[in-house]
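Before any comments, here is the structure.
Note that the structure is predicted; figures quoted are calculated from it, not measured.
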Amino acid sequence: MGRGKIVIRRIDNSTSRQVTFSKRRNGLLKKAKELAILCDAEVGVMIFSSTGKLYDFASTRQMMGEELSGLTVKDLQNLESQLEMSLRGVRMKKDQMLMDEIQELTRKGNLIHQENMELYKKVYGTRDVNGANKELVVTNGQSIGEDVHVPVHLQLSQPQQQNYETPTRATKLGLQLH
């Protein structure tokens, strides 16, 4: 009697999901090893769990910088080239993910800024030309009161050493509003 076909979708129960992850991960690593042995193929598998833990297999330990003594200079150059290309790909993906996150945070920051401007106008209203206070409050170098569509620019930066306690969570994360 054969097994029934299952629908491939995310498993909602976290315990069942973890058990399935463990079993399928082990099966995948076993198949990778078998493929490398049976077909004399170079196989590499990297698996990241939902918690970020890495599970990997490489059919040649040379990818890890081990067992290099039998290689020629040309073999070492080829290995170095492969590793550099892989590293370049990983860095490009990481940079793209960071840029996407910065764009999303900038978009959210602009929305929050617009909401703040609208709330300010509701609370304090706007003054006409004869009313001397059109721009009353200045925060982080941005005046509140006149232009609702002033963009807020976010960028990642290294946290700076400060002599005073900063209450905002954004500064602790290394985000700055410009």
Notebook entry, point to check: Are Leu83 and Leu76 connected, step by step, through hydrophobic side chains (Ile, Leu, Val, Met, Phe, Trp, Tyr) whose heavy atoms are closer than 4.5 Å?
Noted result: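 Same cluster.
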Check: Same hydrophobic cluster for Ile47 and Leu35, using side-chain heavy-atom links shorter than 4.5 Å among ILVMFWY?
Finding: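 In one cluster with Ile47: Leu35, yes.
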[atom1]-[atom2] distance between [X] and [Y], expressed to the nearest 0.5 angstrom:
X: Gln18; Y: Thr51; atom1: CD; atom2: OG1; result: 7.5 Å
X: Thr106; Y: Glu101; atom1: OG1; atom2: CD; result: 10.5 Å
X: Leu98; Y: Arg91; atom1: CG; atom2: CZ; result: 13.0 Å
X: Leu87; Y: Met92; atom1: CG; atom2: CE; result: 12.0 Å
X: Asn110; Y: Arg107; atom1: CG; atom2: CZ; result: 9.5 Å

Check: Between Gln114 and Leu111, is a side-chain contact (heavy atoms from CB on, under 4.5 Å) present by the stated rule, with each step listed?
Finding: CA-CA 5 Å; Gln114 284 181 326; Leu111 289 174; 4.0 Å; yes
Check: Is it true that Glu118 and Lys121 make a salt bridge, defined as a side-chain N closer than 4.0 Å to a carboxylate O?
Finding: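 Answer for the salt bridge query: no.
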Next item on the list: Step through the shown structure and confirm whether more than 12 heavy atoms of other residues, nucleotides or ligands are within 6.0 Å of CG on Asp40.
Entry: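 No - once you tally the heavy atoms of other residues, nucleotides and ligands closer than 6.0 Å, there are 12 at most.
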Check: Quick check: are there more than 12 heavy atoms from other residues, nucleotides or ligands sitting under 6.0 Å from CZ of Arg25?
Finding: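 Yes, enclosed.
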Check: Taking C-beta and beyond as the side chain, do Phe57 and Leu28 meet within less than 4.5 Å on heavy atoms?
Finding: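 A side-chain contact under 4.5 Å is absent here.
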Item checked: For Asn13 against Thr15, the heavy-atom pair lying closest together ->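 Distance-wise, the nearest heavy atoms are OD1-N, 2.8 Å.
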Checklist line | Heavy-atom pair with the smallest gap, counting every atom of Asp12 and Arg17 | finding: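 Closest approach of Asp12 to Arg17, heavy atoms only: O-NH1, 3.3 Å.
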Note to self: Distance alone, cut at 3.5 Å: any donor-acceptor contact between the side chains of Gln96 and Asp100?
What the structure shows: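 Per modelled atom types, Gln96 and Asp100 side chains form a pair under 3.5 Å.
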Check: Does a donor on one side chain sit under 3.5 Å from an acceptor on the other, for Thr72 and Asp75?
Finding: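 Distance-only check passes for Thr72 and Asp75.
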Margin query: Strictly distance-based, threshold 3.5 Å: is any side-chain N or O of Ser86 a donor or acceptor partner for the main-chain N or O of Gln82?
Written below: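 Yes, Ser86 side chain to Gln82 backbone: donor-acceptor pair under 3.5 Å.
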